[in-house]
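I have placed the structure first, in the form of structure tokens, so that the comments after it can refer back to it.
Proteins get letters first, then strands, A, B, ... in listed order; numbering begins at 1 in each. What you see below is based on every heavy atom in this structure, not just the backbone, and it leaves out hydrogens, waters and symmetry mates.
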Amino acid sequence: MEKGRSYTLKVWRQKNAASRGEFKTYQVNDVSSGSSFLEMLDILNEELTKKGEDPIHFDHDCREGICGTCSLFINGRPHGPEEEITVCQLHMRTFQDGQTITIEPWRARAFPVIKDLVVDRSAFDRIIQAGGFISVNTGAAPDANAIPIARENAEVAMDAAACIGCGACVAACKNASAMLFVAAKISQLAMLPQGKVERKRRAQKMVEQMDKEGFGSCTNTYACSAECPKGIEFTHIARLNREYLTSKFTS
Amino acid sequence: MVFDSKIPEGPLAEKWTKHKFNLKLVNPANKRKYDIIVVGTGLAGASAAASFGEMGYNVKAFFYQDSARRAHSIAAQGGINAAKNYPNDNDSIFRLFYDTIKGGDYRSREANVYRLAEVSNNIIDQCVAQGVPFAREYGGLLDNRSFGGAQVSRTFYARGQTGQQLLLGAYSALSRQVAAGKVKLYKRTEMLNLVLVEGKARGIVARNLITGKIESHSAHAVVLATGGYGNVFFLATYAMGCNGSAVWRAHKKGALFANPCFTQIHPTCIPVHGDQQSKLTLMSESLRNDGRVWVPKEKSTVEKIRKKEIQPNDVPEDERDYYLERIYPSFGNLVPRDVASRNAKNVCDEGRGVGETGLAVYLDFRDAIKQFGIDVIKAKYGNLFQMYEKITADNPYNTPMMIYPAIHYTMGGLWVDYNLMTNIPGLYATGECNFSDHGANRLGASALMQGLADGYFIIPYTIGDYLAGMPYDKVPEDHPEFKKSEEEVKHRINKLLNINGNRTVDEFHKELGRILWENCGMARNETGLKEAKKEIRELREAYWKDVKVLGINEELNMTLEKALRVADFMELGEVMIDDALDRRESCGGHFREESQTEEGEAKRNDEHFSYVSVWEYKGDNKPEVLHKENLKFENVKLTQRSYK
Ligand SMILES: Cc1cc2nc3c(=O)[nH]c(=O)nc-3n(C[C@H](O)[C@H](O)[C@H](O)COP(=O)(O)OP(=O)(O)OC[C@H]3O[C@@H](n4cnc5c(N)ncnc54)[C@H](O)[C@@H]3O)c2cc1C
Ligand code: FES
């Protein structure tokens, strides 16, 4: 492990939702190549605090790539330069000693900035509330093995269900579309017999809510899939389109 | 102090059924007249909140993350137990009960653990109905695996993301109730105080983390589902925001705290890389099925590896100490979590630990790869190896992994009765934040089970029994008790913001973690614990004089959030030490050095310590008072564990 590395950071600072933000440049020293990207920011924040400067705010929680909280746009890419990881899984050995790194929040109309690098992603919650569920009350379930599900289908459902709701797909898209996020949930539930009953209504409601939230439209550039830390494939978008169209034609 | 566990009479297998029948009911039309606060949207909280909503209650759900889906339950990997016996390997409710109570080293209640095993099957049914994509066999039926040394395959899983999938299931049920108008979500809102009116829990005071506004919320009952307090150690496998504040504030308002010193240490975590480390990452325990644990026999070899004069692979066979295989010939590398952890610590204390910090042991797959071929190992552990490589930049196919134990779970928590109610009427605790089901040591795949059992199948019934006796009247949020609690919170916040000292919150937190890890971690003794108690007190005093918290309350201020949590950890840490001091036996994951066999193994002392330690808060700077709930075992025979 190499110690004592330095980096120049250009970080988006914005006091609150109402204020205008700007880039500020910081120097961070004594970083070990084994540190994670967020630990590097911790080091800088400790220094800023000691100097009496407001630490940089960024969202994070599990630091294991599963909760979907971390959300940094690094050198023009959501979650940074490596494939299929979240920024909390990114390590400083990926960057060269002395490199300049630009850090921005997710940029999308539907994800307003709260402070610095922290954005509001509640639009995603509202999309799920619109229909991203199976209507079953507690206690009303039959035996778990009563309905066999072909393994291939269960696997596709699981591929889609792996979405962590981080919003990188939206940040990656030039139209800030949320299609991949919506498609992943619709696809998961459409692959399972339990989810079939409500599929039409679900597709309509979720797409409607997505539009209401101010996400852009999907023009099939597939940037979303390319940047998804969980490798969710854009084929789910095709399934969403099918679900949505059939629901339109038959309702 | 009176506290009654309310364990129903009668044979074990009939207790819950009979008890349910005896619980009072709230008429369906009257449920909408009651408001329930649920703090936490992990498995325990989201499942309870969704179920309450379905039943017709009005629910307010609070959490500190930006979305309910991000609660720490999301990070659980391995799986969830249930007594379905689908593989037909002679599993049963009784066997799951037996394994869980034995795994807990006989420090939990028979009746609670039996009920947990009893409702475990309903959980799997419920989750499948919600669309949780559990692993399946080719025939389309659910797949099971064995976990944590169990002799039957009873663990259901969704790849390595079981917690995520279960939580997303509960979150979807919760979202449905939000849409139905029965649940209101309070995101980025942290509970900072509990409010009692006439001795009953009637609400909470919380801080809106974005605006800083201190808000009062009134209800007829309050359910805490706020998870474990393992972050008291600073380094742990918990998410960064996990905290003990909600339970600690409840404790200071009179809720009893049980078994605070029972924390779980997981043997296979990625070792600390240096002092810039912010958290630890768990590697699945399944790795010990094929990996062999070793350190060099001689310190000089360790030095050579550290100086990169030789590679670990260059160490000849006769200079390696496969210490688990040597000490425990019949279980070898598969000894339980506590034994594996403690022995890793021992060899590192002897100076034979590897890695840059000397706090690591090898987990070597060389022989397994030789025996089974690389493809077999890849198929079994590919994703884990990849995750390891991402973090450490070492390739475990070519060089041994390095592992070290880390704090992973807290068995201790708020004391609750059989109804999951604390000793404060109307205050409930579910999931990891209560103490009820895991005794001194939790078995793998049982925390997810407990969270969902509590939330879907227990508290929805037991809360009705309490509410049925409550008038519908609401306590207004400007009631003097709310105002008083708000003032307490504001006072603490102002105090922290005005210290403007020289040391950061993290510096204090790291120091607290060090004290506890060294003295109240895997091994403890009286001298160390007494010293630690003194050190914590000094640290706490220093904290309130010298901590530096910048910014103001009326904005997103993550340093302030942390500062409030660490302030509570400082107090909670001291009770952990009091509890560890009292428990002069080795038990579960806790090796009390004064209580060991001649061979140096843990020695439980059933004669004197077969009780739940129940701590009562008596006021600032006053010693906490210990009460004991004696444990009765009528259905299992207590045995000492031996793995030699
Ligand atoms: C890496 C890892 C792997 C694990 N793997 C397994 C496994 O395979 N099988 C298993 O059974 N168990 C496993 N566990 C344990 C298990 O995940 C947890 O015990 C369980 O998920 C806890 O659930 P919970 O609902 O009680 O709490 P949590 O999921 O921790 O939820 C706590 C909730 O409370 C909220 N909260 C906390 N404090 C406050 C406050 N002051 N104000 C407002 N809200 C607050 C949070 O926002 C959150 O919503 C694992 C744990 C870890 C760390
Ligand atoms: S912090 Fe949880 S995914 Fe990055």
Side-chain angles (χ1 to χ4, degrees), chain A residues 1 16 32 34-35 38-39 42-43 46 49-50 52 54-55 57 59-64 66-69 85 89 91 93 114-115 118 120-122 124-125 128-130 132-145 148-151 154 157-158 161-162 165 188-189 192 194-195, chain B residues 50-51 54 65-70 72 74-75 84 86 122 124-126 128-131 133 136-142 158-159 161 164-165 168 171-173 175-176 178-179 187 210 239-241 273-274 276-279 281 356 390-391 393 456 460 504 506 548 550-551 555-556 558-559:
Chain A
M1 212 170 298
N16 52 43
S32 140
S35 287
L38 300 186
E39 283 165 356
D42 292 342
I43 297 169
E46 285 285 285
T49 306
K50 294 233 165 194
D54 194 22
H57 278 62
D59 257 333
H60 65 103
D61 203 25
C62 75
R63 295 202 176 188
E64 290 193 2
I66 191 74
C67 71
T69 310
I85 56 171
Q89 296 173 295
H91 281 74
R93 69 178 83 88
I114 294 172
K115 179 174 179 174
V118 178
D120 181 354
R121 287 170 286 189
S122 23
F124 271 9
D125 286 322
I128 298 294
Q129 285 154 18
F133 47 75
I134 291 173
S135 299
V136 54
N137 280 358
T138 303
D143 184 84
N145 260 349
I149 301 174
R151 186 173 167 164
M158 181 61 218
Q188 176 202 342
L189 299 179
L192 302 170
Q194 292 87 346
Chain B
S51 304
E54 290 161 9
Q65 291 92 346
D66 69 329
S67 166
R69 66 181 289 154
R70 305 202 203 283
H72 175 58
I74 201 103
K84 282 281 193 186
Y86 284 155
N122 305 46
I124 305 301
D125 299 342
Q126 189 63 34
V128 167
Q130 288 169 344
R136 287 177 183 268
E137 296 168 347
Y138 282 107
L141 300 180
L142 292 164
R159 294 197 189 142
Q161 291 124 280
Q164 179 198 26
Q165 293 311 313
L168 292 181
Y171 162 79
S172 71
S175 299
R176 177 170 161 246
V178 174
K187 63 172 191 276
I210 294 177
M240 301 300 284
H273 62 65
Q276 299 179 345
Q277 184 118 7
S278 59
K279 76 153 272 166
T281 305
E356 284 179 38
K390 267 183 205 161
I391 297 177
Y456 285 134
T504 63
D506 275 354
K548 191 176 185 85
L550 298 174
E555 63 180 0
L556 181 63
M558 292 183 175
T559 321

Would you compute the distance between atom [atom1] of [X] and atom [atom2] of [Y] and round it to the nearest 0.5 angstrom?
| X | Y | atom1 | atom2 | result |
| --- | --- | --- | --- | --- |
| A:I85 | B:I391 | CD1 | CD1 | 10.0 Å |
| B:R69 | A:D125 | CZ | CG | 7.5 Å |
| B:S172 | A:I128 | OG | CD1 | 8.5 Å |
| B:Q277 | A:E39 | CD | CD | 5.5 Å |

- Over all atoms of both residues, closest heavy-atom pair of A:I66 and B:A75: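 Looking at all heavy atoms of both residues, the shortest contact is CG2-CA, 3.7 Å.
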
Please examine the side chains of [Y] and [X], heavy atoms only from C-beta on, and report whether any two atoms are closer than 4.5 Å.
| X | Y | value |
| --- | --- | --- |
| A:S135 | B:R176 | yes |
| A:C67 | B:Q65 | no |
| B:T281 | A:R63 | no |
| B:L168 | A:Q188 | no |
| A:L38 | B:S278 | no |
| B:D66 | A:D120 | no |
| A:H57 | B:E555 | no |
| B:K548 | A:K50 | no |

Under 4.5 Å from a heavy atom of chain B, the part of [X] involved:
| X | result |
| --- | --- |
| A:I149 | both |
| A:D42 | side chain |
| A:A140 | backbone |
| A:S122 | side chain |
| A:Q194 | side chain |

Under 4.5 Å heavy-atom distance to chain A, tell me which part of [X] shows up: side chain, backbone, both or neither.
| X | result |
| --- | --- |
| B:H273 | both |
| B:I210 | side chain |
| B:N122 | neither |
| B:K390 | both |

With no hydrogens and no angle check, is any side-chain donor or acceptor of [X] less than 3.5 Å from a backbone partner on [Y]?
| X | Y | result |
| --- | --- | --- |
| B:Q126 | A:G139 | yes |
| B:Q276 | A:S32 | yes |
| A:N145 | B:L141 | no |
| B:R70 | A:G68 | yes |
| B:E54 | A:T138 | yes |

- Among B:I124, B:I74, B:D125, single out the residue with the greatest number of heavy-atom pairs under 4.5 Å to chain A.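 Among B:I124, B:I74, B:D125, the one with the most close pairs to chain A is B:D125.
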
